[in-house]
Amino acid sequence: MGCCIAELRNKEVICKSNGTRLGNVDDVEIDICTGQLSALVIYGRSKMFGFLGKCEDIIIPWRDIDVIGEDTILVSYCCPALPTGGRR
């Protein structure tokens, strides 16, 4: 069974360890030497309607992808911890 890159864009990416929704696939990285897909990319979300920039993009290496299902992709990916700081 195959899947084309256009179909990946409609799939929601879920972290298997805690059920966190990471977002939908926005782009892919391909190793041009081997022609193999090497990572999924989820673009960072905008902060405050884009006025405060955006979060970092999430790049999930192929080795961390566990299951590509009909509607979702389950990954063993640990999100980097968000900075926790008080107000200044």
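Keep in mind that this is a model prediction, so the values were computed, not measured.
Judged by distance alone, the side chain of S38 and the main-chain N or O of E29 form a donor-acceptor pair under 3.5 Å.
Considering all non-hydrogen atoms of both residues, A39 and P61 come closest at CB-CA, 4.0 Å. Across all non-hydrogen atoms, the minimal contact from L22 to I42 is O-CG2, 3.6 Å.
Note on L74: it does not cluster hydrophobically with I65, by side-chain heavy-atom contacts below 4.5 Å among ILVMFWY residues.
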Verdict with reasoning, K11 to T72, per side-chain contact (heavy atoms from CB on, under 4.5 Å)
CA-CA 5 Å; K11 296 183 188 293; T72 59; 6.0 Å; no
Determine, step by step, whether D66 and S76 satisfy the side chain to side chain donor-acceptor pair (under 3.5 Å) criterion, reporting the C-alpha distance in whole Å, the side-chain angles of both residues, the deciding distance to 0.1 Å, and the verdict.
CA-CA 7 Å; D66 293 324; S76 297; 2.3 Å; yes
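Counting heavy atoms of neighbouring residues, nucleotides and ligands inside a 6.0 Å radius, atom CZ of R21 exceeds 12 of them.
The shortest distance between side-chain heavy atoms of I60 and V41 does not fall below 4.5 Å. Counting only heavy atoms from C-beta outward, the side chains of T20 and I14 never approach each other to under 4.5 Å.
Residue I68 is tested with V75, I73, L40 for a side chain to side chain contact (heavy atoms under 4.5 Å, CB included); the sole match is I73.
Expressed to the nearest 0.5 Å, how far CG of D27 lies from CG of D57 amounts to 9.0 Å. Rounded to the nearest 0.5 Å, atoms CH2 (W62) and CD1 (I30) are 11.0 Å apart.
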